[in-house]
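Shown next, in structure tokens, is the structure this report addresses.
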Amino acid sequence: MYKAPRGTFDILPEEQAYWKYVEDKAVSLCRLYSYQPLSLPIFEDAQLFTRTVGGGTDIVDKEMYVFRDKSGQELALRTEGTAPVCRAYLEHGLFNLAQPVKLYYMGPVFRYERPQAGRYRQHHQFGFEALGDADPALDAEVIQMAWQFFLSLQLSGLSIQLNSIGCKLCRPEYLEALKQHYASYAQRLCPDCEVRLSRNPLRLLDCKKPSCQEIAKTAPKPTEYLCHGCRVHFESVQRYLATLSIPFELNSRLVRGLDYYTRTVFEVEPQGKGGQSSLGGGGRYDELIETLGGNPTPGVGFAAGLERIILNLKAQKRAVRALPRPVAFIAYLGEEAKIEAMKIASELRQAGIPIVMATGDKGLKWQMRQANSSGSRYAVILGKEELANRAVTVRDLGSGEQNSVPMTDIAKTLKRGRE
RNA sequence: GUGAGCGUAGCCUAGCGGUUAAGGCGCCAGGUUGUGGCCCUGGAGAUCGUGGGUUCAAAUCCCACCGUUCACCCCA
């Protein structure tokens, strides 16, 4: 027997209401803020990720699904959405549009990890990006959007963690200071942090080991080393957020696991949870498009994990609207009635009424049971008697009331009952 | 990549050394010759994850493998 590959899963009909709920909120949010939909390929040139997300990050070093196609080109299932959005921005000359360009996307992303609660090899992200404008007001807008997204989902107990990690002007100096600080504790570092010290020092800050956290506590903070431009920017972001009444907590150890971030980084997480619980995150990436060969172009964005959102919706027992059910189930008795029933079903569907047409030539009892489990509001019954009268029997499956309805009036009757 | 728990019908679960592996949900049939839901009766459905070992005897004990879940790590 075949099974879905490890870390992947089917979303069965009974689960779909949650997905629809989240997707609808995402789409209406983007409409509200005038972000436009962008659909992206599932795989990209592998280098798109290695060059932007960065070597030394787990995503690139050990989590990419890389393969060669028949031409020998090295491709990768996408590990995130921001770099592909920027690639599309450059490829299609979207820099010629009025800036900033505001886009959103939704779809699967792939990372080769060991699955656990809220972590999969294929998961789904919803993200939005604003390209071509360095205004801190745009950082604030993106954070506000993220926040409003979770509010609209009726999730509670969340917090926004906010930090600034500087730019190419000020970060080198900071990293130097950070390395010096850690160098004096070299023998007390965990093995992972020893590697981080040389490969990706920023990540030293978010090690969860108590012994390393001690060292991180006294470590210099990125915000202490911001250049003038970055400091002013960060202050503005905070001021704008305050103006918009968006709550946030400064977290000087928030660094994010991707290399392309500059200045603002933020994360939305549930209260009192550990490391792997982040619901979404984002930030500014003013150097990313240049890395991809474009003119220097600032950008800021956010992405959220749909599985984790749904996990939290369930944990908080949020009811979601059920998927629509059929209006009527059409039962028939005998071949002649079957043909008439098929015609009626067809007409009703053309009138926009969702119908389940019985099949299988079984008894009425069986058909009624089907009607019941289909969730239909009505059963429409068509047998010899009805054929003779040119009128069907319409039974309300909620109340059990049942009437004879002329064949010409079925649509009208069913529609009336819908209100 | 590391560690721990768990693998019994489509789903949930009982059985934890001894004859035909038990129950609930769901499914099918019947209780109405043309009427669902509730109820009643009956039925189908399980190589007890796979392989090996211990034993007179293994779903039950041991080992390996596979799968899965959770945690670490990292991230959505």
* Asked: How would you label the contact of A:G400 with the nucleic acid (heavy atoms, under 4.0 Å): base, sugar-phosphate, or nothing?
  -> base
* Under 4.0 angstrom, heavy atoms only, what part of the nucleic acid is A:F329 near: base, sugar-phosphate, or nothing? -> nothing
* Asked: Of all the choices, B:G34, B:C70, B:G1, which nucleotide is nearest to the side chain of A:L364 once you look at every atom?
  -> B:G34
* Basic-acidic side-chain contact under 4.0 Å: A:R390, A:E340 -> yes
* Asked: Given atom CD of A:E14 and atom P of B:C12, what is their separation to the nearest angstrom?
  -> 11 Å
* Asked: What about A:Q122, does its side chain sit under 3.5 Å from the base of B:A76 through a donor-acceptor pair?
  -> no
* Quick one: do A:E269 and A:R308 make a salt bridge, cutoff under 4.0 Å? -> no
* To do: Please confirm whether any donor atom in the side chain of A:R119 sits under 3.5 Å from an acceptor in the base of B:C73, or the reverse.
  => yes
* **Ring-base stacking, A:H123 with B:A76 (5.5 Å, 30° cut-offs)** => yes
* Tell whether A:R395 reaches the base of B:G36 with its side chain through a donor-acceptor pair below 3.5 angstrom. => yes
* Is any N or O donor-acceptor pair between the side chain of A:E63 and the base of B:G1 shorter than 3.5 Å? -> no
* Interatomic distance, A:L226 atom CG to A:S164 atom OG [nearest 0.5 angstrom] -> 4.5 Å
* State the dot-bracket string of RNA chain B. Criteria: Watson-Crick or G-U wobble, both atom distances under 3.5 angstrom; notation: ( ) intrastrand, [ ] crossing earlier pairs, | interstrand, . unpaired. => ((((((((.[[[[.)..(...]]]].(((((.......))))).....[[[[[..)....]]]]])))))))....
* **Euclidean distance, atom CD of residue A:E307 to atom P of B:A76 [Å, nearest integer]** => 13 Å
* To do: Under 4.0 Å between any heavy atoms, over every strand shown, what does A:R114 touch: base, sugar-phosphate, or nothing? Just pick one.
  => base
* Could you tell me whether the side chain of A:N372 has a donor or acceptor atom within less than 3.5 Å of a complementary atom in the base of B:G37? => no
* B:U35 base / A:Q402 side chain donor-acceptor hit below 3.5 Å -> yes
